[in-house]
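Below: one structure, written as structure tokens.
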Amino acid sequence: MNYRRIELLQGDITKVDTDAIVNAANSSLMGGGGVDGAIHRAGGPAILEECLKIVEVQGGCHTGEAVITTAGNLPSKYVIHTVGPVWQGGTNNEPEKLANCYRNSLNLAVKNGCKTIAFSNISTGVYGYPKREAAEIAVKTVNEFLQTSQAIEKVIFVCFDNDNLELYQQILNRI
Ligand code: APR
């Protein structure tokens, strides 16, 4: 089982010292509020500079996709920016798009030699994704990935709010 490779933490992801941390970005990659704002504020302008370069080359980032930049002043090496789906009632393929955020972020982390990665709770703030469903998808997708790849040694789910922390605790106790 992979539970030894999955950890849960309550706190601010900008303080987490994993090889990569995963940001809940928007398709413009130009920053925003929530965890996106916190990462850009704490990480400094180097992150936005690299986001701008990515936008020049490929335009923005589609929902479910992920890009990687420096982490600037943060303890981690990289920030992986992924764009979660906006919750529209569940009829717009949101579950698959959210699962893609986790899968594409993990693949990008492996491609860049990361062994440890921390995720924020993608789409569960401004984008309004129901927290329980989002947590189920996050844990299921990460668990499946860890079964196919030994490259990642540790995944940390970083919960900023209590609701998410309790949900992840319940779900992780079941795997
Ligand atoms: N560390 C960890 N998690 C955090 C932090 C932080 N410092 N700040 C907020 N969070 C949590 C929120 O509590 C929420 O559970 O991140 C989760 C994701 O919420 P949002 O940041 O609102 O992200 P999302 O719902 O995916 O919406 C993305 O919001 O900030 C904008 O530019 C962003 O347009 C994009 C949209």
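All figures in this text were calculated on a predicted structure; none of them were measured in a lab. Counting starts at 1 for both ligands and their atoms, in listed order.
Atoms of ligand 1 lying under 4.0 Å from any heavy atom of G32, numbered from 1 in the order shown and given with element: 30 (O), 32 (O). Here is the list of ligand 1 atoms found below 4.0 Å of a heavy atom in A38: 7 (N). Every atom of ligand 1 with a heavy atom of N164 under 4.0 Å away is listed here by number and element: 15 (O). The G11 neighbourhood of ligand 1 comprises atoms 1 (N), 2 (C), with distances under 4.0 Å to a heavy atom of that residue. Interface atoms of ligand 1 facing D36, defined by a heavy-atom separation under 4.0 Å, are 30 (O), 32 (O), 33 (C).
Distances from ligand 1 to the non-hydrogen atoms of G31 include at least one value under 4.0 Å. Residue C159 places every heavy atom at 4.0 Å or more from ligand 1. D12 counts as a contact of ligand 1, since one of its heavy atoms falls under 4.0 Å from the ligand.
Among all non-hydrogen protein atoms, the one lying nearest atom 22 (O) of ligand 1 is V126 N, 2.9 Å. The protein heavy-atom contact nearest to atom 31 (C) of ligand 1 is G33 N, 3.7 Å. Of the protein's non-hydrogen atoms, the one nearest atom 1 (N) of ligand 1 is I13 N, 3.0 Å. The single protein non-hydrogen atom nearest to atom 25 (O) of ligand 1 is G125 N, 2.8 Å, given as residue, atom name and distance.
The nearest non-hydrogen atom to atom 17 (C) of ligand 1, considering only N23, N121, V158, comes from N121. The residue among V16, T124, I122 with a heavy atom at the shortest distance from atom 14 (C) of ligand 1 is T124. Distances from atom 12 (C) of ligand 1 to the heavy atoms of D163, V35, D161 put D161 nearest. Considering C101, A42, S123 only, the shortest heavy-atom separation from atom 24 (P) of ligand 1 involves S123. Proximity annotation for atom 35 (C) of ligand 1: of F119, Y127, F160, Y127 comes nearest, heavy atoms only.
If you chain together hydrophobic residues whose side chains sit under 4.5 Å apart, V67 and V35 never meet in one group. Residues L172 and I13 are members of separate hydrophobic clusters, defined by side-chain heavy-atom contacts under 4.5 angstrom among Ile, Leu, Val, Met, Phe, Trp and Tyr.
The shortest distance between side-chain heavy atoms of Y127 and P85 does not fall below 4.5 Å. Using a 4.5 Å heavy-atom threshold, the side chains of Q170 and E136 count as separate. Using a 4.5 Å heavy-atom threshold, the side chains of V155 and L146 count as touching.
Proximity of I39 to ligand 1, defined as any heavy-atom pair under 4.0 Å, is not found for any part of the residue. By the criterion of a heavy-atom distance under 4.0 Å, both the backbone and the side chain of A24 are placed next to ligand 1.
Ligand 1 has a nitrogen or oxygen under 3.5 angstrom from a nitrogen or oxygen of N26.
For the side-chain hydrogen bond (donor to acceptor under 3.5 Å, both in side chains) criterion with T69, the lone passing option out of H81, E50, K53 is H81.
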- request: Test L74 against I47 for side chain to side chain contact (heavy atoms under 4.5 Å, CB included), laying out the working first.
  value: CA-CA 10 Å; L74 297 176; I47 299 176; 4.3 Å; yes

- request: Could you walk me through whether R4 and E153 pass the side chain to side chain contact (heavy atoms under 4.5 Å, CB included) test, one step at a time?
  value: CA-CA 9 Å; R4 283 188 304 280; E153 288 166 6; over 6 Å; no

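Taking the centre of each ring, Y102 and F119 come in below the 6.0 Å mark.
Using a 4.0 Å cut-off between charged side-chain N and carboxylate O, K131 and D161 make a salt bridge. The pair K140-E144 meets the salt-bridge criterion, since a charged nitrogen lies less than 4.0 angstrom from a carboxylate oxygen.
With 3.5 Å as the limit, one finds no donor-acceptor pair spanning the side chains of S27 and H62.
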